[in-house]
Amino acid sequence: MSPAATWRTHRCGDLRASDIGEKVVVCGWVANRRNHGGVYFVDLRDRAGILQLIADDDATQEARDQIGSLHPEYVVQVHGVVRPRIEGQKNKDRATGEVELLVEKVSVLSKSQRLPFEIQDELDVPEQLRMKYRYLDLRRRPMQRLMELRSKANHAVRCALVDQGFTEVETPMMTRSTPEGARDYLVPSRVRPGTWYALPQSPQVFKQLCMVGGLDRYFQIARCMRDEDLRADRQPEFSQLDMEMSFVTEDEILAMVEQVMASLYRDLLDRELELPVERMSYREAIDRFASDKPDLRIPIEIVDLGEVAGMIGFGVYRSVLEAGGWVRGFRVPGGGSLSRKQITSLEQTARDAGAGGAAWCKVTADGATGPLGRFLGEQAGADFIATLGAETDDLILTIADQPRRTLVAVDAIRRAAGEMMGMVGEKDRLVWITEFPLFEQGDDGEWAPAHHPFTAPVSEDLEALLGGQKEGIRSRAYDLVLNGVELGSGSIRIHDRELQEAIFASIGMEPEEAQRRFQHLLEAFRYGAPPHGGFAIGLDRLYALMFGADSIRDVIAFPKTASAACPLTEAPAPVDAAQLAELGLALLKQPTPTE
RNA sequence: GGGGGUGUGGCGCAAUUGGUUAGCGUACCAGACUGUCGAUCUGGAGGUUGCGGGUUCGAUCCCCGUCACCCUCGCCA
């Protein structure tokens with residue numbers, strides 16, 4: 001096929017009644033064909049929409065033969081004249097429905113064999129098949145919409161930050177492995193056999209180095225890779241909006257992130273975000289919602305029953321409290337209407353979360369009913385109900401267990417009960433969670449940094465920290481939470497070398513080890529590091545939520561499966577022995593053939 | 001790594017207690033039809049029931065193993 005001077009004059013989906021009479025050239029994919037013997041219809045699709053082609057008695061026999069020989073997903077160029085559809089044959093459901101293109105000439109630019117699935121908006125096929133033929137999946141309008149929205153969102157983010165004086169910096173994809181955090185994806189070095197690059201889990205160190213470099217305000221839409229097992233909302237490589245600022249307080253960073261979020265809401269959803277976003281300390285979030293990422297759409301708050309639960313004569317409460325455990329619960333307003341079956345499922349939710357079960361009762365006009373009911377008759381029972389603020393027709397749900405298990409279970413049943421009661425409000429609820437603990441205790445009882453080890457402590461807690469205390473030390477770290485989903489996190493960093501070394505020491509890291517692992521950062525801090533802090537937002541998850549996608553895979557052009565494989569390219573795949581030899585590598589284990 | 005679910009023409013599903021030539025819809029191909037737009041009608045082609053093994057006269061069905069995908073726990077500073 002010889003090159004045309006102009007492939008097309010219009011896009012299919014752009015033609016309107018105002019174009020009637022125009023001689024046009026369009027290109028697109030054959031979406032559908034209908035043949036009535038003498039009159040041929042073809043729906044031609046491009047990114048802008050669908051245009052009906054027609055070849056009836058007004059068309060030449062040649063044009064009718066050409067259009068009659070088309071098949072699904074052929075790519076064609078069509079010369080024709082835009083004309084109005086006859087009365088009664090307009091299609092109101094289609095933007096081009098007022099017009100049709102009378103075909104003069106059809107050129108087949110590319111043929112298509114039979115498709116593995118149909119190109120239609122509603123599709124019910126295995127996701128793996130869509131991923132294997134992603135280029136076909138992307139022809140579908142809903143997928144094109146998501147790709148367009150993502151592009152528009154990235155653009156909005158860049159505009160908002162560049163306007164605020166940020167500099168976009170591309171940090172290396174091949175860097176040094178850091179043993180903390182997630183497992184690294186490794187890249188072998190050919191030049192120095194036996195040595196490795198790591199793909200970045202995040203640009204953390206580099207963005208701090210940008211601050212030492214005086215860039216002042218950095219951002220990047222960064223690709224990050226973590227070699228961990230996947231989840232529905234997690235991909236092995238993902239995008240995060242990464243930011244860092246010098247000479248800032250928490251307030252300024254939070255305000256900046258809020259501005260970015262407001263820009264996204266405005267440009268993508270055409271909605272105004274209410275600012276400032278509510279803030280809540282970690283302590284408060286745990287006390288009120290038993291979670292560091294509370295879903296504030298559910299209007300249920302947790303009550304500490306440690307004082308009153310021991311008084312009502314319920315043996316489980318007493319023994320748990322004597323063992324140093326907790327009793328926490330909440331009232332479900334109107335929850336008296338829940339069936340026994342629904343409550344049983346809440347009890348199961350508690351057990352699935354690791355608790356022994358959930359003790360409950362319903363508050364009725366004649367007293368409390370249910371398993372707790374018979375313990376609530378006396379004054380202590382009245383105090384118990386009063387502490388919960390429960391009223392007639394409420395359901396009371398409680399968990400009694402070790403502190404950590406209590407929190408996990410009470411959070412689980414709070415969310416389950418909220419959903420069951422239809423309490424989840426429509427409105428998006430953003431909240432900042434601040435002052436996260438600097439250390440957290442592992443199952444082995446060891447204290448480890450809860451965030452990364454560069455997070456600064458709250459200054460009032462500094463003395464206790466340097467005195468060796470771990471428990472209760474607050475950090476200047478914060479998370480942004482939307483409807484119970486963590487969107488991102490950040491912190492004010494340590495910029496003082498001595499404090500940094502003290503932190504390393506406090507987590508049991510020898511100076512030599514700290515030097516070996518973070519030599520580049522620690523050395524940078526010798527040369528005048530400004531106070532700085534930043535934030536990172538997981539964009540895939542945020543976009544999936546904002547665009548109403550079924551899965552984060554739907555907002556990623558070429559996603560991977562739960563086993564980190566790409567069905568399209570069949571990566572990961574074996575390589576030639578020669579490639580391995582060049583890298584100085586030998587396999588200890590051969591790849592297992594699939595199927 | 002653990003647990004759960006799924007696997008039958010391209011796709012969505014069915015197949016009695018283990019029993020005939022594994023059916024139906026859709027898509028595809030061909031023919032018919034002069035205003036359709038989820039066209040319609042007629043016909044056709046299309047199957048290693050994920051793979052391997054076992055039990056049985058006989059396996060889509062029962063058993064064991066394995067692979068892939070999805071969900072979930074661990075994990076993801």
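The model shown is predicted, which means the values in this text are computed figures rather than measured ones. In what follows, chains are A, B, ... by sequence order, proteins preceding strands, each numbered from 1.
Using a 4.0 Å heavy-atom cutoff across all strands shown, A:Arg130 reaches no nucleic acid atom at all. As judged by a 4.0 angstrom heavy-atom cut-off over every strand, A:Arg94 is placed among the base-contacting residues. Using a 4.0 Å heavy-atom criterion, one finds that A:Asn35 contacts the bases of the nucleic acid, with or without backbone contacts as well. Residue A:Pro567 is classed as having no contact, given no heavy-atom separation below 4.0 Å to the nucleic acid.
Residue A:Arg234 places its side chain closer to B:C75 than to any other of B:C69, B:U36, B:C75. The side chain of A:Arg85 has B:U36 as its nearest neighbour among B:U36, B:A68, B:C70. Of the listed nucleotides (B:C37, B:G35, B:C69), B:C69 has the atom at the smallest distance from the side chain of A:Ala565. Among the nucleotides B:C29, B:C37, B:A77, the one closest to any side-chain atom of A:Asp43 is B:C37. Side-chain proximity of A:Ala232 to the nucleotides B:U72, B:C37, B:U34 is greatest for B:U72. For A:Gln201, counting side-chain heavy atoms from C-beta on, the closest listed nucleotide (B:C69, B:A77, B:A39) is B:A77.
If you measure from atom CG of A:Leu102 to atom C1' of B:U36, you get 15 Å, rounded to the nearest angstrom. Remark: P of B:G10 and NE2 of A:His71 are 20 Å apart, rounded to the nearest angstrom. Atom-to-atom, CD of A:Gln128 to P of B:C69 comes out at 6 Å; the value is rounded to the nearest Å. Between A:Gln235 atom CD and B:C70 atom C1' there is a gap of 13 Å when expressed in whole angstrom units. We find that CD of A:Glu127 is positioned 14 Å from C1' of B:U6, with the value rounded to whole Å. One atom, CD of A:Gln120, and another, C1' of B:G10, lie 13 Å apart when rounded to the nearest Å. Distance CD1 (A:Ile119) to P (B:C37): 21 Å, rounded to an integer number of Å. In this structure, A:Leu53 places its CG atom 15 Å from P of B:A39, rounding to the nearest Å.
Taking a cutoff of 4.0 Å between a charged side-chain nitrogen and a carboxylate oxygen, A:Arg223 and A:Glu237 qualify as a salt bridge. With respect to the salt-bridge test (charged N to carboxylate O, under 4.0 angstrom), the residues A:Glu347 and A:Arg351 do not qualify. Looking at A:Asp137 and A:Arg553, no side-chain N of the basic residue comes within less than 4.0 Å of a carboxylate O on the acidic one, giving no salt bridge. The pair A:Asp56-A:Arg83 counts as a salt bridge, with a side-chain nitrogen and a carboxylate oxygen less than 4.0 angstrom apart. Look at A:Arg34 and A:Asp43 and you find a salt bridge, because one of the NZ, NE, NH1 or NH2 atoms lies within 4.0 Å of a carboxylate O, short of that distance. A:Asp58 has no carboxylate O lying under 4.0 Å from a charged side-chain N of A:Arg64, or vice versa, which leaves the two without a salt bridge. Ionic pairing of A:Glu228 and A:Arg234 is not present here: no N-O contact between side-chain nitrogen and carboxylate oxygen is shorter than 4.0 angstrom. Residues A:Arg474 and A:Asp461 are paired through a salt bridge, judged by an N-O separation under 4.0 Å between the basic side chain and the carboxylate.
For B:U66 and B:C28, the P atoms lie 41 Å apart once the distance is rounded to whole Å. Rounded to whole Å, the P atom of B:G5 lies 37 Å from the corresponding atom of B:G46. Only the P atoms considered, B:G12 is 15 Å distant from B:C70, to the nearest whole Å. Distance check on atom P: B:A45 versus B:U60 gives 24 Å, rounded to whole Å. The separation of B:C37 from B:U21, taken at their C1' atoms, amounts to 40 Å, rounded to a whole angstrom. Nucleotides B:U8 and B:C13, compared at atom P, are 9 Å apart to the nearest Å. B:A27 and B:G35 have their C1' atoms separated by 24 Å, with the value rounded to a whole Å. The same atom, C1', is picked in B:G58 and in B:C11; the two are 32 Å apart, to the nearest Å.
Other residues, nucleotides and ligands place no more than 12 heavy atoms under 6.0 Å from the NZ atom of A:Lys111.
Considering only side-chain N and O atoms, A:His36 lies nowhere under 4.0 angstrom from the phosphate OP1 or OP2 of B:U40. A:Arg33 has a side-chain polar atom (N or O) that falls below the 4.0 Å cut-off from OP1 or OP2 of B:C29. Contact check, A:Ser563 against B:A68: no side-chain N or O comes under 4.0 Å of OP1 or OP2. The shortest distance between the side-chain N/O atoms of A:Gln89 and the OP1/OP2 oxygens of B:U36 is below 4.0 Å.
With hydrogens and angles left out, the side chain of A:Glu100 and the base of B:G35 share a donor-acceptor pair within 3.5 Å. For A:Arg231 against B:C70, a side-chain-to-base donor-acceptor contact under 3.5 Å is absent. With hydrogens and angles ignored, a donor-acceptor pair under 3.5 angstrom links the side chain of A:Asp229 to the base of B:G74. Between the side chain of A:Asn32 and the base of B:C37, no donor-acceptor pair of N or O atoms lies under 3.5 Å. Side chain A:Arg226 to base B:C75: no donor-acceptor pair is found below 3.5 Å. Applying the 3.5 Å distance criterion, the base of B:G35 shares a donor-acceptor pair with the side chain of A:Arg83.
Below 30°, between 30° and 60°, or above 60°: for A:Phe525 and A:His532 the angle between ring planes is above 60°, a perpendicular geometry. Classified by interplanar angle (parallel below 30°, tilted 30° to 60°, perpendicular above 60°), the ring pair A:Tyr478/A:Phe535 is parallel. Note on ring orientation: taking the six-membered ring where Trp is involved, the planes of A:Tyr133 and A:Tyr135 are perpendicular (angle over 60°, cut-offs 30° and 60°).
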Dump the intermediate steps for salt bridge (Lys or Arg N to Asp or Glu O under 4.0 Å) on A:Glu250 and A:Arg476, then the final yes or no. CA-CA 8 Å; A:Glu250 280 97 328; A:Arg476 299 175 71 181; 2.9 Å; yes

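Taking a pair to require two hydrogen-bonding distances under 3.5 Å in either a Watson-Crick or a G-U wobble arrangement, B:U6 pairs with B:A68. Remark: B:A45 base-pairs with no nucleotide; criterion is Watson-Crick or G-U wobble with both hydrogen-bond distances under 3.5 Å.
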Show the distances under 3.5 angstrom between N or O atoms of the protein and N or O atoms of nucleotides 11-13 of chain B.
none

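A residue-by-residue look at A:Arg114 and A:Pro453 shows that A:Arg114 has its nearest nucleotide of RNA chain B further toward the 5' end.
For the segment residues 57-67 of chain A, the set of residues with a heavy atom within less than 4.0 Å of an atom of RNA chain B comprises A:Asp57, in numerical order.
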